[in-house]
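The chains referred to below are lettered A, B, ... by the order of the sequence lines, with proteins before strands, and numbering in each begins at 1. In what follows, every heavy atom counts, from backbone to side chain, and hydrogens, waters and symmetry copies are set aside.
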2 protein chains.
Amino acid sequence: MARARIVDPDEGPRSKRAAILEAAVEYFGEAGYENTKWSDVADRVGIGQTALYHYFESKAHCLLTIMRLELQRSHDMFAEATADLDDPVEALRAGVRAAFAVSEHEIRQMRVLQANMSLLATPRKSKREETERVAARQLVQMVERDWTNLLMRGMAKGAFPVRDAHMLGLAVLGMIVSVWRWYRPSGAIPLSEISDLIEGSVVRMVGE
Amino acid sequence: MARARIVDPDEGPRSKRAAILEAAVEYFGEAGYENTKWSDVADRVGIGQTALYHYFESKAHCLLTIMRLELQRSHDMFAEATADLDDPVEALRAGVRAAFAVSEHEIRQMRVLQANMSLLATPRKSKREETERVAARQLVQMVERDWTNLLMRGMAKGAFPVRDAHMLGLAVLGMIVSVWRWYRPSGAIPLSEISDLIEGSVVRMVGE
DNA sequence: GCTCAAACTGAACTGAACTCAGGTTGAAAT
DNA sequence: ATTTCAACCTGAGTTCAGTTCAGTTTGAGC
């Protein structure tokens, strides 16, 4: 399994793919996907609108790519943070902390992902879009399994009371990602405080 | 305060407003707002596309109306469920249970609301849309305050340990509404089980 | 300095949301 | 029973962002 991992295209020396993705994350994250014109992204990068189609099949294809990349990052960060922690409670805490140890650009990317999550539900007409969508969906399930497995491990070890690990995992994950709907770096509350509160809440709701 | 409550227009005897809202909830909820053509809604109701504009200024205006109505409902249900419960823990449990005591139509409406929440962030160009948006935003804050106040009351009474009630309230609310992103009535898990698990989780994370 | 794929472009096309300029209908007042 | 008029509706356009087309330019590597 996990054979379907998309290999991102090798970028030529004058490729603007990375610049497009960055500009798109910024616009989609700040103004919203619907509110940003595809041509705005082109302008920001300094190319004509049609040049975008050299890199992405469509505006949606670009969005789906951003979402997949963010999901890949989330999954990788979780795995790295929890890898060599045997104590389930410590692993749980590390997982939460990793989820909030993010740069401003990554925050925007999270926001884009969360705001457009429902896009992953329905099939796409074009091949490349559908490929990205399916890959993203699989990554969503992987991230869900990351949390579920952690909880199941803890329950098996007797560190957590036995409950429906899948549903509980979804609830934990839901609580964590809900932060990206309202959090803004410019706001009054520092992210570290949010992280601490969520970390404590997760430990309490999973434990006893 | 709360003076800005929108009074929904009196409907004439042959008004199709209710029918449009119902069809729109169904389409937006099942296929997604972006994926449903405004004319699909017209077809379902049995009128020409342009007749829609007699009732709503735009597709977005209809969506915003649906969202506002759902927020109003959520707020009212919470208030009703928790009104005469003095014990903070009991009130908390009642609030969670009320959030999940919903019909299939209301589930779809929740899904529409959650999937398009980010629409409330940026101002709208047209007056009527903006009015709906602002009203919806206020209702969001009211719902947030519902939970926050409940937590603060519990903390003041010594029923819950003192923590940042606003952040905790947002976390609780985030966990609850996250269910509408994945739950489908056709799925294997009955809603009552989800409700029970969330209820327990909320009590544990808020209490100690 | 040649080559050719990568990178780009202006002009045209598409389709869904929306506007316009009226036409129809039926509840209620006369 | 007729009239009235606001509510309700329509077909024919318009608009605009996303996309396609039919090529042209660029520059890294031979």
Q | B:Phe56 CZ to D:dC8 P, straight-line distance once rounded to whole Å | A | 12 Å
(Q) I need a per-nucleotide contact map over nucleotides 20-30 of chain C, read 5' to 3'. Cutoff is protein heavy atoms under 4.0 Å; write B for the base, S for backbone only, - otherwise. (A) -----BSS---
Q) A:Tyr33: what forms a ring-ring contact (aromatic ring centres under 6.0 Å, His included) with it, not counting sequence neighbours? A) A:Phe28
(Q) With a 4.0 Å limit, can you tell me whether A:Lys16 has a side-chain N or O closer than that to the phosphate oxygens OP1/OP2 of C:dC8? (A) yes
Q: Mind calculating the distance between CZ (A:Phe28) and C1' (D:dA17) to the nearest angstrom?
A: 13 Å
Q) Does the side chain of B:Lys37 reach to within under 4.5 Å of the side chain of B:Asp43, using non-hydrogen atoms? A) no
Q) Is any NZ, NE, NH1 or NH2 atom of the basic residue among B:Arg17 and B:Asp8 found under 4.0 Å from an Asp or Glu carboxylate oxygen of the other? A) yes
Q | Residues in ring-ring contact (aromatic ring centres under 6.0 Å, His included) contact with B:Tyr27, at least two apart in sequence or another chain | A | none
Q. Does the pair B:Glu130 and B:Arg133 meet the rule for a salt bridge (charged side-chain N to carboxylate O under 4.0 Å, His left out), with working shown?
A. CA-CA 5 Å; B:Glu130 181 63 5; B:Arg133 187 190 74 91; 2.9 Å; yes
Q: For A:Tyr183, enumerate each residue passing the ring-ring contact (aromatic ring centres under 6.0 Å, His included) test, keeping only those at least two apart in sequence or located in another chain.
A: none
Q | Atom pair distance, as rounded to whole Å: CD in A:Glu129 and P in D:dG18 | A | 13 Å
Name the pairs: protein N/O against N/O of nucleotides 1-4 of chain C, kept only if under 3.5 Å.
none

Q.
C:dA7, OP1 or OP2 - any side-chain N/O from A:His54 closer than 4.0 Å?
A. yes
Q) Are any of the side-chain heavy atoms of B:Arg124 and B:Glu132 separated by less than 4.5 Å? A) no
Q. Does the side chain of B:Glu70 come within less than 4.5 Å of B:Val112's, by heavy atoms?
A. no
Q: Measure the distance from OH on A:Tyr55 to P on D:dT20 and round it to the nearest whole Å.
A: 18 Å
Q.
Under the criterion side chain to side chain contact (heavy atoms under 4.5 Å, CB included), I'd like the reasoning laid out for A:Val177 against B:Ser178: C-alpha separation, chi angles, the key distance, then a yes or no.
A. CA-CA 9 Å; A:Val177 304; B:Ser178 77; 6.0 Å; no
**Q.** Atom-pair distance (NZ on B:Lys125; P on D:dT15), nearest Å
**A.** 16 Å
Q: Using a strict 4.0 Å threshold on nitrogen-to-oxygen distance, state whether A:Asp196 and B:Arg163 make a salt bridge.
A: no
Q. Checking B:Ser15 side chain against B:Gly12 main chain: does a donor-acceptor pair fall under 3.5 Å?
A. no
Polar-atom pairs under 3.5 Å, protein N or O versus N or O of nucleotides 15-17 of chain C: list them with distances, or write none.
residue: C:dA17; atom: OP1; partner: B:Trp38; partner atom: N; Å: 3.1
residue: C:dA17; atom: OP1; partner: B:Lys59; partner atom: NZ; Å: 3.2
residue: C:dA17; atom: OP2; partner: B:Trp38; partner atom: N; Å: 3.1

Q | Gap between atoms CG and P, on A:Asp43 and C:dT9 respectively (whole Å) | A | 11 Å
**Q.** Interatomic distance where CD belongs to A:Glu57 and P belongs to D:dT20 [whole Å]
**A.** 7 Å
